[in-house]
Amino acid sequence: MENPSPAAALGRALWALLLATLGAAGLPRGGESVCSARAPAKYSITFTGKWSQTAFPKQYPMFRPPAQWSSLLGAAHSSDYSMWRKNQYVSNGLRDFAERGEAWALMKEIEAAGEALQSVHAVFSAPAVPSGTGQTSAELEVQRRHSLVSFVVRIVPSPDWFVGVDSLDLCDGDRWREQAALDLYPYDAGTDSGFTFSSPNFATIPQDTVTEITSSSPSHPANSFYYPRLKALPPIARVTLVRLRQSPRAFVPPAPVPPSRDNEIVDSASVPETPLDCEVSLWSSWGLCGGPCGRLGAKSRTRYVRVQPANHGSPCPELEEEAECVPDNCV
């Protein structure tokens, strides 16, 4: 048997390297499991807002504009694409969406990722929710090379706050999950430094990364989600994905929420009551000391209520205080 020539051996080695490279390009990153489900799958995605005045009483937006949710924008994609990720910087498109609800630039970014890397299979969207508590839904399709789902919904009004899901995998080995449900919590896109729902535009320079907003972070009393008595915020929204096994017209989501005017949820039995403590201002300066000559007089100072208590929070303390003093100009 003849030994292969050096040129033939080199050719085989290069061919093997090429096959290995092409094979690795189709695998998920970071040692993720490979989806081997054969046929594509369709899902119904339902977004439920839980942003109520009972659960989030502090600075709850009542008008101009009232509490509401933007449209939902998402994509079915592979691990080569990321719409957003905690502790990473957002793209220009996601910044525009988080700050102003403008989706055009984000849509162009998703389309570009799909064309250049073939990492996006489909884009889906759902209508806006005109109140803090309500539902919206859409349908989407995933396939084995694009089994991940990501989406964002802007909190309105807010500086750059949003909720969403980053790369939820609907594939479990060789089969599709029948359903998935996740509680959602607020995130800060890291592009605006406003503390409250209605803060004016105040760009974060330099830009920060995406961070989760909690009951104690940012640790500032002015923050709209600052509830120091809570260990964790209640979920502000929830998303449910259910696999469709029949035509969309015949599909009925499980355990639907009773409909009501303006798409609001009227069943508040499961809504947690977040206690809101009274907040008062600092004391004013002491007033003049008044009283008759030769006797002690009295002076007073006041403070005012900055935040009224709610949901069995701590009541307000006294707003006026008096103290004895020696009259400056006695009568």
Side-chain angles (χ1 to χ4, degrees), residues 29 49 51 56 58-75 77 80-114 116-117 119-120 123 125 128 132 150-167 184-228 230 232-233 235-237 279 281-282 306-307:
R29 297 178 177 177
W51 185 17
F56 299 91
K58 187 175 183 180
Q59 302 169 5
Y60 189 80
M62 301 297 292
F63 55 88
R64 297 183 181 179
Q68 57 190 276
W69 300 95
S70 76
S71 58
L72 179 151
L73 182 60
H77 59 90
D80 297 322
Y81 173 74
S82 174
M83 178 179 286
W84 68 276
R85 189 149 294 167
K86 185 178 178 181
N87 298 326
Q88 293 189 9
Y89 296 102
V90 299
S91 65
N92 291 334
L94 191 48
R95 178 199 61 201
D96 292 347
F97 186 85
E99 290 186 4
R100 299 183 294 274
E102 298 175 0
W104 185 84
L106 181 57
M107 286 286 295
K108 297 297 289 184
E109 291 175 353
I110 298 174
E111 291 175 3
L117 302 174
S119 55
V120 176
V123 178
S125 63
S150 297
F151 72 85
V152 287
V153 183
R154 180 176 181 251
I155 298 174
V156 183
S158 75
D160 61 341
W161 302 340
F162 69 96
V163 298
V165 164
D166 169 33
S167 302
L184 304 179
Y185 300 88
Y187 281 90
D188 188 321
T191 61
D192 191 293
S193 297
F195 268 133
T196 67
F197 294 120
S198 57
S199 292
N201 185 44
F202 183 36
T204 301
I205 301 175
Q207 180 178 332
D208 204 350
T209 58
V210 174
T211 56
E212 183 176 355
I213 301 173
T214 70
S215 60
S216 58
S217 179
S219 182
H220 194 290
N223 187 269
S224 294
F225 286 111
Y226 185 71
Y227 295 95
L230 299 182
L233 290 174
I236 197 170
E279 293 183 13
S281 67
L282 298 175
R306 298 178 59 184
V307 177

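For the ring-ring contact (aromatic ring centres under 6.0 Å, His included) test, residues two or more places apart in sequence or in another chain that qualify with F225 are F56, W161, F197. Partners of S198 under the side chain to side chain contact (heavy atoms under 4.5 Å, CB included) rule, at least two apart in sequence or in another chain, are T196. Taking the side chain to side chain contact (heavy atoms under 4.5 Å, CB included) definition, one finds that S82 meets it with R85, D166, sequence neighbours left out. Legend: residues meeting ring-ring contact (aromatic ring centres under 6.0 Å, His included) with F195, ordered by chain and number and at least two apart, are H220. For S91, the side chain to side chain donor-acceptor pair (under 3.5 Å) criterion is met by E109, not counting sequence neighbours.
Counting only heavy atoms from C-beta outward, the side chains of R154 and W69 never approach each other to under 4.5 Å. The shortest side-chain heavy-atom distance between S71 and S125 does not fall under the 4.5 Å cut-off. With a 4.5 Å cut-off on side-chain heavy atoms, V152 and Y187 do not count as touching. Side chains of Y227 and L233 form a contact here, defined as non-hydrogen atoms less than 4.5 Å apart.
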Identify each donor-acceptor pair in which a side-chain atom of residues 59-67 lies under 3.5 Å from a protein atom, sequence neighbours left out, and give them as a table.
| unit_1 | atom_1 | unit_2 | atom_2 | d |
| --- | --- | --- | --- | --- |
| Q59 | OE1 | S224 | OG | 2.4 |
| Q59 | NE2 | A222 | O | 3.2 |
| Y60 | OH | W51 | O | 2.8 |

Side chains of residues 208-215: which donor-acceptor pairs under 3.5 Å do they make with residues two or more places apart or in other chains?
| unit_1 | atom_1 | unit_2 | atom_2 | d |
| --- | --- | --- | --- | --- |
| T214 | OG1 | S216 | N | 3.3 |
| T214 | OG1 | S217 | N | 3.0 |
| S215 | OG | L230 | O | 2.9 |

Next on the checklist: What verdict does the side-chain contact (heavy atoms from CB on, under 4.5 Å) test give for D80 and V120, after you've listed the backbone C-alpha separation in whole Å, the side-chain angles of each residue and the deciding distance to 0.1 Å?
Outcome noted: CA-CA 9 Å; D80 297 322; V120 176; over 6 Å; no

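Side-chain N/O atoms of D192 and T204 include no donor and acceptor closer than 3.5 Å.
Note on residues 91-106: pairs passing salt bridge (Lys or Arg N to Asp or Glu O under 4.0 Å), not counting sequence neighbours, are D96-R100, R100-E102.
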